[in-house]
Protein chains: 2
Amino acid sequence: MTNQAAKPDARSKLLDAALVVIRTKGYCATTVDELCAAAGVTKGAFFHHFKSKDALGVAAAEHWSEITGALFAKAPYHDHADPLDRVLGYVALRKALLQGGVPEFTCLVGTMVQETYETTPAIREACERSISGHAATLEADIEAAMRDRRLSPAWSATSLALHTQAVLQGAFILAKAKGGAEIAADSIDHLTRYLELLFSSETIQPQS
Amino acid sequence: MTNQAAKPDARSKLLDAALVVIRTKGYCATTVDELCAAAGVTKGAFFHHFKSKDALGVAAAEHWSEITGALFAKAPYHDHADPLDRVLGYVALRKALLQGGVPEFTCLVGTMVQETYETTPAIREACERSISGHAATLEADIEAAMRDRRLSPAWSATSLALHTQAVLQGAFILAKAKGGAEIAADSIDHLTRYLELLFSSETIQPQS
DNA sequence: CGCACCATACCGACTAGTTGGTATGTTGTC
DNA sequence: GACAACATACCAACTAGTCGGTATGGTGCG
């Protein structure tokens with residue numbers, strides 16, 4: 001009601017454009033001119049708000065964290081009474097989000113960190129914060145689910161939370177290679193099955 | 001004995017250099033001049049053997065398939081009598097291969113496809129063939145393990161084989177973000193646990 | 001009010017250097 | 001001497017980043 005989409009300034013137009021263009025073409029292949037054209041601003045505006053292309057990369061990763069953070073924070077999977085259902089609900093939401101073209105459902109920071117992890121420490125760190133911060137939002141529910149079922153396994157809640165992110169990131173790579181979301185969905189199904197098996201106290205093999 | 005390392009020509013020196021440099025800096029950020037310098041050849045040699053940078057990208061993906069194909073073909077995990085042990089042995093080998101720096105143990109085609117999937121179809125297809133071809137080498141063992149245990153589950157051998165690749169690719173992204181192999185190893189442990197749970201006929205929860 | 005003063009936001013032409021690619025040799029070998 | 005395998009010199013296009021300038025709006029003061 002107040003503002004936001006009313007009259008976005010050059011900075012937020014550039015950040016929004018970065019999400020689209022970088023996920024489509026990759027960070028390196030995205031030029032400053034292209035970003036400016038996509039955002040409808042000039043190069044002067046770009047370097048007024050960001051002191052370099054790398055600085056925009058860092059800001060884009062932080063912008064990504066905010067947008068995705070808000071999306072998952074208000075998602076209904078948090079309403080489940082059983083913490084395991086909350087974790088499974090999260091994974092189900094990730095599968096449901098596989099809509100539209102590949103550049104639209106894949107992850108900005110996963111894409112950027114692959115290109116910059118050895119060459120641009122600032123971007124690598126921003127991507128690391130984004131991934132680890134997001135994984136951390138799953139930890140409390142995983143720990144609660146472990147307590148409920150009195151598990152004290154060899155693995156930690158942290159490692160399982162990060163594993164969910166690994167499966168998602170890997171699923172995105174397969175989707176990019178194959179040109180479609182189908183295998184990504186299959187991989188997320190395998191992740192769901194893993195979580196169910198891990199936490200099932202009876203663990204009867206779901207046969208035939 | 002015959003040749004190979006004896007007197008490598010410019011072409012194979014360039015392909016070997018590409019494996020190192022592209023995995024370190026990414027495809028786009030790797031320049032032709034840099035590749036030539038790393039290989040110890042000149043630009044003339046480069047464009048004598050490859051008609052463009054993209055053509056080298058395709059050839060590098062194929063070179064990667066050959067090298068990794070040979071590595072896994074002669075690995076001892078094939079000797080296990082139980083097909084499930086062969087699959088688990090494969091995953092254990094993937095964990096054991098997490099040695100050296102991050103650029104040394106990560107995957108060339110996973111890196112390249114992220115940057116090129118929307119812009120360079122030829123490279124995307126070469127990467128897809130590499131990943132799917134490698135996953136296919138696991139399918140027969142997975143199917144045999146399913147038959148042995150009389151499983152007829154909702155998932156297919158193909159999707160499980162590809163899921164192992166998704167976990168590995170995702171583990172590489174986390175390793176790049178975190179700057180170390182540890183979380184990658186954790187994720188591979190989760191994959192091993194998934195396979196054990198999936199195929200265990202008793203499926204007693206491994207507690208404590 | 002009216003006006004000087006100043007900061008922020010933005011513009012777009014320009015530059016210095018880099019990039020993929022080419023054109024033209026040179027050299028060894030069958 | 002013909003051809004493959006390279007080397008050297010070069011180019012046109014593009015790239016990130018710069019720089020002088022403008023537009024707008026707030027603030028203090030007489």
Side-chain angles (χ1 to χ4, degrees), chain A residues 2-18 21-22 24-61 63 112 115-116 118-124 126, chain B residues 2-18 20-22 24-61 63 111-112 115-116 118-124 126:
Chain A
T2 49
N3 53 346
Q4 198 64 11
K7 185 181 164 291
D9 60 351
R11 187 186 146 89
S12 40
K13 282 194 287 184
L14 280 165
L15 288 174
D16 287 338
V21 182
I22 295 177
T24 304
K25 310 188 56 177
Y27 175 74
C28 174
T30 298
T31 70
V32 173
D33 280 326
E34 201 172 358
L35 241 21
C36 293
V41 304
T42 61
K43 221 166 181 179
F46 184 102
F47 284 102
H48 174 75
H49 290 288
F50 307 102
K51 79 171 220 298
S52 66
K53 185 190 172 185
D54 286 348
L56 170 119
V58 172
H63 189 220
M112 281 206 300
E115 295 182 63
T116 58
E118 279 281 285
T119 50
T120 319
I123 295 182
R124 201 216 88 230
Chain B
T2 50
N3 54 349
Q4 197 64 11
K7 184 182 166 289
D9 60 350
R11 187 187 146 89
S12 39
K13 283 194 286 185
L14 280 165
L15 288 174
D16 288 338
V20 175
V21 182
I22 295 177
T24 304
K25 310 188 56 176
Y27 174 75
C28 174
T30 297
T31 68
V32 173
D33 282 326
E34 201 172 359
L35 241 21
C36 293
V41 304
T42 61
K43 224 169 181 178
F46 184 101
F47 285 100
H48 175 72
H49 290 288
F50 306 102
K51 79 173 219 295
S52 68
K53 185 190 173 186
D54 286 346
L56 170 119
V58 172
H63 188 218
T111 300
M112 280 207 300
E115 295 183 63
T116 58
E118 279 280 283
T119 51
T120 320
I123 296 183
R124 201 216 88 229

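Please read these numbers as outputs of a predicted model, since none were measured by experiment.
- Scanning for ring-ring contact (aromatic ring centres under 6.0 Å, His included) contacts around A:Phe47 gives an empty result, with sequence neighbours left out.
- Here A:His48 reaches the OP1 or OP2 of C:dA9: one of its side-chain N or O atoms lies under 4.0 Å away.
- In this structure B:Lys25 satisfies the side chain to side chain donor-acceptor pair (under 3.5 Å) test together with B:Glu34, sequence neighbours excluded.
- When the P atom of D:dG17 is taken as reference, atom CD of A:Glu34 falls 15 Å away, rounded to whole Å.
- Between the CZ atom of A:Phe50 and the P atom of D:dT18 there is a distance of 15 Å, given to the nearest Å.
- Note on the helix from C:dC1-D:dG30 to C:dC30-D:dG1: angle between the axes of the first and last five pairs equals 0°, rounded to 10 degrees.
- Every residue meeting the salt bridge (charged side-chain N to carboxylate O under 4.0 Å, His left out) condition with A:Asp33, not counting sequence neighbours, appears here in chain and number order: A:Lys43.
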Provide a list of protein-nucleic acid N or O atom pairs under 3.5 angstrom, restricted to nucleotides 17-23 of chain C.
unit_1	atom_1	unit_2	atom_2	d
C:dG20	OP1	B:Lys53	NZ	3.4
C:dG20	OP2	B:Val32	N	2.9
C:dG20	N7	B:Lys43	NZ	2.8
C:dG20	O6	B:Lys43	NZ	3.3
C:dG21	OP2	B:Lys53	N	2.8
C:dG21	N7	B:Lys43	NZ	3.3
C:dG21	O6	B:Lys43	NZ	2.7

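- Every residue was checked against the side chain to side chain donor-acceptor pair (under 3.5 Å) condition with B:Thr116, not counting sequence neighbours, and none meets it.
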Counting only pairs under 3.5 Å, give me each side-chain donor-acceptor contact of residues 51-58 of chain B, with atom names and distances, residues two or more places apart or in other chains.
unit_1	atom_1	unit_2	atom_2	d
B:Ser52	OG	B:Asp54	N	3.4
B:Ser52	OG	B:Ala55	N	3.1
B:Lys53	NZ	B:Tyr27	O	3.1
B:Lys53	NZ	B:Cys28	O	3.3
B:Lys53	NZ	B:Thr30	O	2.8
B:Asp54	OD1	B:Tyr27	OH	2.6

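- When the side chain to side chain contact (heavy atoms under 4.5 Å, CB included) test is applied to B:Ala10, the partners found at least two apart in sequence or on another chain are B:Val41, B:Ala45, B:His49.
- Of the side-chain N and O atoms in B:His49, one or more sit less than 4.0 angstrom from OP1 or OP2 of D:dC6.
- By the 4.5 Å heavy-atom criterion applied to side chains, A:Thr120 and A:Arg124 are not counted as neighbours.
- The CG atom of B:Asp9 sits 16 Å away from the C1' atom of C:dT29 (whole-angstrom rounding).
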Could you check B:Asp16 against B:His63 for side-chain contact (heavy atoms from CB on, under 4.5 Å), going step by step and ending with a plain yes or no? CA-CA 8 Å; B:Asp16 288 338; B:His63 188 218; 2.8 Å; yes
